[in-house]
Engineer: 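Below: one structure in structure tokens.
Note that the coordinates shown come from a computational prediction; the quantities given were computed from them, not determined experimentally. Convention: sequence-line order gives letters A, B, ...; per-chain numbering from 1.
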Protein chains: 2
Amino acid sequence: MAAQRGEGDGVVTRPGVAGAEAPADVRERARAIPEAAVARLAVYLRVLSGMVEQGVTTISSEELAGAAGVNSAKLRKDLSYIGSYGTRGVGYDVEVLVGHIERILGLTRKHSVAVVGIGNLGHALANYGGFPSRGFPVGALFDVDPDLTGVPVGGIPVNHIDDITTVCAEREVSIGVIATPPQAAQAVCDRLVSAGVQCILNFAPVVLQVPDYVEVRKVDLAVEMQILSFHVARRADEAAGDVVNGIGVDGVVIRP
Amino acid sequence: MAAQRGEGDGVVTRPGVAGAEAPADVRERARAIPEAAVARLAVYLRVLSGMVEQGVTTISSEELAGAAGVNSAKLRKDLSYIGSYGTRGVGYDVEVLVGHIERILGLTRKHSVAVVGIGNLGHALANYGGFPSRGFPVGALFDVDPDLTGVPVGGIPVNHIDDITTVCAEREVSIGVIATPPQAAQAVCDRLVSAGVQCILNFAPVVLQVPDYVEVRKVDLAVEMQILSFHVARRADEAAGDVVNGIGVDGVVIRP
DNA sequence: TCAACTTTGTGCAAGCGTTCACAAGCGGTA
DNA sequence: TACCGCTTGTGAACGCTTGCACAAAGTTGA
């Protein structure tokens with residue numbers, strides 16, 4: 001379902017062909033893409049990759065929007081941020097679109113990933129096929145536990161956390177994934193940053209403090225659950241409120 | 001770091017004390033809380049729980065905002081959505097605030113969770129201590145693999161996926177977590193929905209189609225990585241653009 | 001070639017969410 | 001009691017995001 005890009009080495013910088021114009025324009029364009037749109041572009045890319053595998057060559061904004069679960073106008077606007085690659089009256093060429101989105105998302109180069117914290121989650125991440133298959137080869141694993149050092153997980157031997165700096169530099173790691181207990185997360189983060197990692201995906205339930213130039217995204221499972229819980233509660237609240245007045249969630253009076 | 005709530009049974013509805021007014025008001029208030037604010041409330045709650053454990057009794061919006069990584073004005077506005085529980089000139093009573101946020105997020109009742117798909121990620125989720133410790137006991141596990149049926153994972157025996165309906169009803173599951181391969185996700189989702197589950201946390205890289213009354217949150221690791229990748233690319237782009245003109249990310253000419 | 005039909009790309013307006021800035025309110029102190 | 005300093009709560013402005021609606025542009029078929 002995802003564009004297969006194979007596994008392998010880290011970052012490669014190819015010599016550039018000297019094209020004439022528009023790089024500043026492109027940089028402006030890239031800068032101008034709203035964060036929310038970037039997230040959706042990634043979703044469109046996944047859907048489109050599936051389409052490619054099914055042999056679909058052309059798709060309309062309506063169809064793609066349906067498959068991606070968004071409004072078609074929003075989709076067209078999102079795509080317009082990266083340029084006008086559709087054909088009126090026809091739709092978008094799937095492969096062309098895949099190519100453009102991949103380029104905008106920076107997927108034309110591979111991003112080597114380091115996972116820190118080889119517990120349950122770390123194991124799962126190290127073995128997660130979705131990373132390498134989408135251009136994010138797992139290049140290094142780290143843990144504090146010396147017993148784990150050298151043990152291969154998902155085909156890659158675990159390094160000791162003290163070696164983060166050298167190993168990350170060596171393997172050109174560009175993204176660090178923190179899957180440690182919360183107490184260790186900030187320290188690990190600091191080490192990653194001093195090792196030159198500028199993008200971090202944080203699974204630990206902590207707010208990380210980082211320099212401005214470092215990009216952090218967090219995935220907090222408990223927060224996700226609590227948001228769902230809120231919706232359950234709201235619903236229960238509505239239902240209960242229609243029947244018994246004066247009672248809030250859980251039968252407790254909200255504002256006496 | 002989180003408020004300990006212990007494990008145990010499912011949903012309990014206590015008889016209500018008949019308080020005078022304001023339930024409609026509260027429902028309106030709950031409805032009116034912006035989604036983004038709900039997510040932050042969960043973060044504040046985590047930080048506050050940590051404060052409780054450290055024996056902090058009072059905290060100002062400035063301090064809490066710092067710890068949660070947000071603007072203090074935003075924090076105050078977020079808190080104002082759930083009522084005015086601060087004291088001017090002093091700050092907020094930590095425990096009181098914890099109580100109010102927990103109530104708003106619906107954490108006064110426990111939410112039994114079912115994890116479907118006991119692969120690497122499913123294992124990690126089943127063993128994840130962050131769930132039960134924050135009021136989300138894992139009540140059931142499911143997988144298609146008959147060999148897994150009956151095998152305990154994280155202390156809970158795996159059920160066969162065909163039993164979703166009965167088991168979910170029996171154990172009053174209110175949240176379903178989908179950790180299956182993408183191909184199976186929609187079918188699993190449909191089963192959960194027909195089993196009465198109205199909140200779903202989806203780890204599979206698929207856009208799920210559900211009825212309006214079902215709440216879905218998705219965690220897509222590849223999308224997170226791609227968003228990070230976008231930022232790497234933008235940065236590389238900026239840097240490269242300053243040196244060599246006409247060359248985009250990766251040395252490829254962007255718009256010939 | 002022309003007309004009918006389809007679909008893109010986008011200007012514009014409405015809706016949300018964020019941030020600012022300050023009045024209102026509270027505790028402490030003389 | 002009256003004053004002072006501190007912090008909350010919120011009105012209002014701003015900016016981002018969404019959704020509508022339609023002109024522009026391309027295809028198809030006669």
Engineer: Calculate the interatomic distance between A/K74 atom NZ and D/dC16 atom C1'; express it in whole Å.
Structural biologist: 13 Å
Engineer: Is it true that the side chains of A/H231 and B/E35 contain a donor and an acceptor less than 3.5 Å apart?
Structural biologist: yes
Engineer: Give me the one residue out of A/S61, A/S60, A/S84 that meets side chain to side chain donor-acceptor pair (under 3.5 Å) with A/R76.
Structural biologist: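 Result: among A/S61, A/S60, A/S84, A/S61 is the only option passing the side chain to side chain donor-acceptor pair (under 3.5 Å) with A/R76.
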Engineer: Examine distances only and state if a side-chain atom of A/R134 and a backbone atom of B/Q226 form a donor-acceptor pair shorter than 3.5 Å.
Structural biologist: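 Pair absent, no side-chain N/O of A/R134 close to backbone of B/Q226.
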Engineer: Under a 4.0 Å heavy-atom cut-off, which of residues 57-66 of chain B touch DNA chain D?
Structural biologist: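 Going residue by residue through residues 57-66 of chain B, the ones with a heavy atom under 4.0 Å of DNA chain D turn out to be B/S60, B/S61.
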Engineer: So how far is it from B/I33 CD1 to B/I82 CD1, rounded to the nearest 0.5 Å?
Structural biologist: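 The CD1 atom of B/I33 sits 7.0 Å away from the CD1 atom of B/I82.
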Engineer: Give a yes or no answer on whether the side chain of B/E95 reaches the backbone of B/V52 with a donor-acceptor pair at less than 3.5 Å.
Structural biologist: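 Not at all, since once roles are kept as given, no pair shorter than 3.5 Å links the two residues.
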Engineer: For a 4.5 angstrom cut-off between non-hydrogen side-chain atoms, does B/L121 reach A/Y128?
Structural biologist: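 With C-beta onward as the side chain, the pair stays apart.
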Engineer: Looking at A/E215, I'd like to know if its CD atom is crowded, meaning that more than 12 non-hydrogen atoms belonging to other residues, nucleotides or ligands lie closer than 6.0 Å.
Structural biologist: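 Result for CD/A/E215: enclosed.
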Engineer: My understanding is that only one of A/E102, A/K110, A/H111 makes a side chain to side chain donor-acceptor pair (under 3.5 Å) with B/S229; could you say which?
Structural biologist: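 The option that passes is A/H111.
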Engineer: Given the rule in the side-chain contact (heavy atoms from CB on, under 4.5 Å) test, do A/Y92 and A/V98 qualify, once you have shown the distances and angles that lead to the verdict?
Structural biologist: CA-CA 10 Å; A/Y92 300 89; A/V98 165; over 6 Å; no
Engineer: Using a 4.0 Å cut-off to any heavy atom of chain B, which nucleotides of DNA chain C are the first and last in contact, reading 5' to 3'?
Structural biologist: C/dG17 to C/dG27
Engineer: Atom OH of A/Y81 to atom P of D/dC16: distance rounded to whole Å?
Structural biologist: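 Whole-Å distance recorded here is 11 Å.
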Engineer: In terms of the nearest nucleotide of DNA chain D, which residue is placed more toward the 5' end: A/V90 or A/A36?
Structural biologist: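 Comparing both residues, the 5'-ward one is A/A36.
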Engineer: Polar atom pairs between nucleotides 9-12 of chain D and protein, under 3.5 Å, N or O only, would you list them?
Structural biologist:
unit_1 : atom_1 : unit_2 : atom_2 : d
D/dG9  : OP1    : B/Y85  : N      : 3.4
D/dG9  : OP1    : B/G86  : N      : 2.9
D/dG9  : OP2    : B/Y92  : OH     : 2.6
D/dG9  : O4'    : B/R88  : NH2    : 3.0
D/dG9  : N7     : B/R76  : NE     : 2.8
D/dG9  : O6     : B/R76  : NH2    : 3.0
D/dG11 : O6     : B/K77  : NZ     : 3.3
D/dA12 : N6     : B/K77  : NZ     : 3.2

Engineer: Within this structure, what is the OH-CG distance for the pair B/Y44 and B/L64, rounded to the nearest 0.5 Å?
Structural biologist: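 Going from the OH atom of B/Y44 to the CG atom of B/L64 covers 7.5 Å.
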